[in-house]
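For reference, the structure is listed below as structure tokens.
These numbers were taken from a predicted model, which means no experiment stands behind them. So that the names make sense, note that chain A is the first sequence line, chain B the second, and so on, each numbered from 1.
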Number of protein chains: 2
Amino acid sequence: MNRRQIKSVRRFNREVTRRLGVLSNSFLGRGRPLSEARLLYEIGIRGAEVRDLRTRLELDSGYLSRLLRSLERQGLVRRMQARDDARATTAKLTQKGQSELKTLNRLSDHYAASVLGPLSQDQRERLVASMEEVERLMRAAAVQIAPADPRSPGARASLKAYFRELKDRFEHGFDARKSITADPEELTPPNGYLLLASLDGATIGCGALKIKDRRIGEVKRMWVAPEARGLKIGERLLTALETCALAAGLRTLRLETNRALKEAQQLYRRSGYREVAPFNTEPYAHHWFEKHLGPRPRKPSTDRP
Amino acid sequence: MNRRQIKSVRRFNREVTRRLGVLSNSFLGRGRPLSEARLLYEIGIRGAEVRDLRTRLELDSGYLSRLLRSLERQGLVRRMQARDDARATTAKLTQKGQSELKTLNRLSDHYAASVLGPLSQDQRERLVASMEEVERLMRAAAVQIAPADPRSPGARASLKAYFRELKDRFEHGFDARKSITADPEELTPPNGYLLLASLDGATIGCGALKIKDRRIGEVKRMWVAPEARGLKIGERLLTALETCALAAGLRTLRLETNRALKEAQQLYRRSGYREVAPFNTEPYAHHWFEKHLGPRPRKPSTDRP
DNA sequence: ACTTTTATCTGACTATAGTCAGCAAATGAA
DNA sequence: TTCATTTGCTGACTATAGTCAGATAAAAGT
């Protein structure tokens with residue numbers, strides 16, 4: 001990355017926060033603190049559990065409780081205990097709260113219209129397209145990759161989703177018991193590693209390294225959530241696994257994959273993996289790949305797991 | 001503008017403010033309130049007049065004074081009276097303030113680098129390009145067009161810049177005394193109109209309408225500041241003038257222009273003006289244009305002057 | 001039965017970001 | 001000269017957005 005790019009990002013930050021700040025104050029802030037407005041918005045028509053609100057808005061539990069109480073006093077929100085877990089609280093909008101939310105939505109629409117209004121049709125299209133690109137890429141940049149315990153909730157959730165997808169996509173389904181293992185203890189250092197990709201606290205991908213012997217590692221469990229595809233997260237996971245492998249002294253990585261997973265094969269080929277003769281008897285595999293690692297990780301990524 | 005575009009703008013607003021907010025807090029907010037950091041940044045190495053700071057940051061004079069006092073107490077800023085106007089105060093950074101500013105700049109750079117860091121080279125280029133487009137178009141959307149008194153400071157400044165540019169660009173220079181008049185009283189309702197385009201309080205363009213008789217108007221003084229070109233402000237000024245003209249009951253608009261002003265001619269042709277035989281003896285003109293106004297203004301713009 | 005964890009609430013406190021009325025000096029126009 | 005305006009300062013006030021330590025109670029583990 002260079003000076004020009006950094007300058008451009010800083011400039012964007014400065015200008016856009018200023019413009020958005022002024023507008024969102026004048027539109028959303030009408031009579032209601034922004035935090036309350038956001039909270040109403042986040043509760044939504046269907047209601048939400050308070051713990052979800054806390055993680056989504058990243059609020060202190062005390063602060064959130066106070067905000068909810070304030071909304072309750074204004075008659076906009078009703079709090080009720082969840083049936084299954086009496087500790088958990090669910091917040092729902094009252095009739096009044098729902099009409100308030102509609103007003104907020106209308107104001108937000110007006111705000112957006114005020115941005116688009118002065119522009120020509122052509123400019124509007126270009127602005128919207130660029131906004132979508134910025135949002136997508138800032139989301140991509142916010143994805144974090146970090147090693148995790150294979151038994152942690154995030155790990156289990158992503159592995160479950162991974163198996164589910166294999167079952168859906170393989171022509172004869174998928175049964176983990178018939179496949180070569182990659183059990184939790186095999187993915188825990190020093191036997192191996194599991195890396196999770198997460199975005200805003202939610203796990204959206206995984207990738208594992210199983211150390212076979214002192215020289216050879218196997219890449220397993222490569223998966224990215226459908227909603228996060230196209231952000232190059234597979235590349236980053238793979239690069240991070242290679243960094244892990246190098247750090248562990250490995251010189252060769254191997255992997256096998258099913259013919260249904262076209263995009264995975266593309267990723268491996270792009271990343272310098274060469275197809276080789278089968279090196280195991282994995283029943284679900286149609287292609288086997290191998291890569292010899294250089295002394296240093298490749299340049300594009302700066303992940304340090 | 002349609003639902004899809006509005007949704008996209010709202011989504012951008014929500015996501016980007018959240019992401020930028022988190023980051024700018026964690027980077028710029030280290031130990032120093034954001035408003036103080038912004039103020040230091042705005043004062044800059046060369047110092048700045050307090051009144052300029054107030055308009056640029058849109059701060060209450062009391063609040064700004066307090067912020068400056070706080071920075072002064074911390075030994076970062078020195079306040080001194082301006083020589084020419086003893087009411088005005090100039091704020092300058094002390095040695096310590098300058099090194100603090102350098103630290104802030106370094107932190108800002110780190111913040112930008114943290115956004116770009118996880119992305120591939122290709123993604124970085126695309127992000128930066130989209131950011132520039134968003135910024136440019138949001139700036140364009142923030143431009144306001146409004147009628148103004150031809151004697152107001154903004155009007156005089158833009159007319160002066162306009163004459164200056166004509167003088168530079170016309171092959172034989174330009175002398176307003178030899179040209180057909182468009183004096184302040186001719187551009188004041190009901191004799192005519194002067195519209196100013198402004199961005200964040202600064203005047204960046206003008207356009208005038210001189211009403212010749214009850215049916216025919218003349219477009220004069222069309223100018224956009226060089227730094228604001230490419231944002232379709234000329235189009236908006238012209239459309240707004242046409243709206244004015246229609247409201248005043250005019251059915252025909254005329255204008256003349258010099259051959260050096262290629263982009264102006266393009267604008268007029270694009271906007272439906274047809275070249276006609278000379279209708280006056282303006283010595284600096286090479287092309288004469290005319291447009292018959294329909295009963296309603298064209299669609300793209302929503303300016304209502 | 002017990003400890004630990006999870007989910008929320010409460011009170012007390014702080015920081016940040018303003019707003020507003022009024023004052024005073026300097027300036028500029030009538 | 002007079003008087004309105006500009007410019008900045010001060011004190012008093014408010015709103016917003018938190019943070020933190022501890023209380024409480026249900027649920028889950030052991």
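For the OP1/OP2 pair of dC9(C) and a distance below 4.0 Å, the side-chain nitrogens and oxygens of Arg69(A) include no atom meeting the criterion. Between Ser35(B) and dA17(C), a side-chain N or O to OP1/OP2 separation shorter than 4.0 Å is present. Taking only side-chain nitrogens and oxygens, Arg32(A) never comes nearer than 4.0 Å to OP1 or OP2 of dT16(D).
Put simply, CG on Leu59(B) is 13 Å from C1' on dT16(C), counting in whole angstrom units. If you take CG of Leu64(B) and C1' of dT19(C), they are 14 Å apart, rounded to a whole angstrom. If you measure from atom CG of Leu67(A) to atom P of dT8(C), you get 14 Å, rounded to the nearest angstrom. One can place CZ of Arg54(B) at 11 Å from P of dT6(D), the figure rounded to the nearest angstrom. Distance, Glu49(B) CD to dC9(D) C1': 17 Å, rounded to whole Å. Atom CG in Asp52(B) sits about 12 Å away from atom C1' in dT7(D), given to the nearest Å. Summarising the geometry, the separation between OH on Tyr63(A) and P on dT19(D) is reported as 9 Å, rounded to the nearest angstrom. Gln81(A) places its CD atom 14 Å from the P atom of dA7(C), with the value rounded to the nearest Å.
In summary, the side chains of Ser70(B) and Gln74(B) do present a donor paired with an acceptor at a separation below 3.5 Å, with no hydrogens or angles considered.
Checked against dT16(D), dG18(D), dT8(C), the side chain of Pro33(A) finds its nearest nucleotide in dT16(D).
Donor-acceptor pairing under 3.5 Å, judged by distance alone, is absent between the side chain of Arg79(B) and the base of dG8(D).
Screening Leu127(A), Val128(A), Leu116(A) against Leu137(B) for a side chain to side chain contact (heavy atoms under 4.5 Å, CB included) leaves a single residue, Leu127(A).
At a threshold of 4.0 Å, the pair Lys96(B)-Glu100(B) does not count as salt-bridged, since none of the basic side-chain nitrogens sits closer than that to a carboxylate oxygen. Asp109(A) has no carboxylate O lying under 4.0 Å from a charged side-chain N of Lys102(A), or vice versa, which leaves the two without a salt bridge.
The shortest heavy-atom contact between Pro150(B) and Ala155(B) is O-CB, 3.5 Å.
Using a 4.0 Å heavy-atom distance criterion, Ser61(B) is classed as a base contact. Arg66(A) comes within 4.0 angstrom of a nucleotide base, judged by non-hydrogen atoms across all strands.
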Using atom names, set out every protein N or O paired with an N or O of nucleotides 27-30 of chain C below 3.5 Å, distance rounded to 0.1 Å.
| residue | atom | partner | partner atom | Å |
| --- | --- | --- | --- | --- |
| dT27(C) | OP1 | Ala86(B) | N | 3.1 |

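The CG atom of Leu71(B) lies 6.5 Å from the CZ atom of Arg32(B); values are rounded to the nearest 0.5 Å.
Within the 4.5 Å cutoff, no side-chain heavy atoms of Leu40(A) are placed close to those of Glu36(A).
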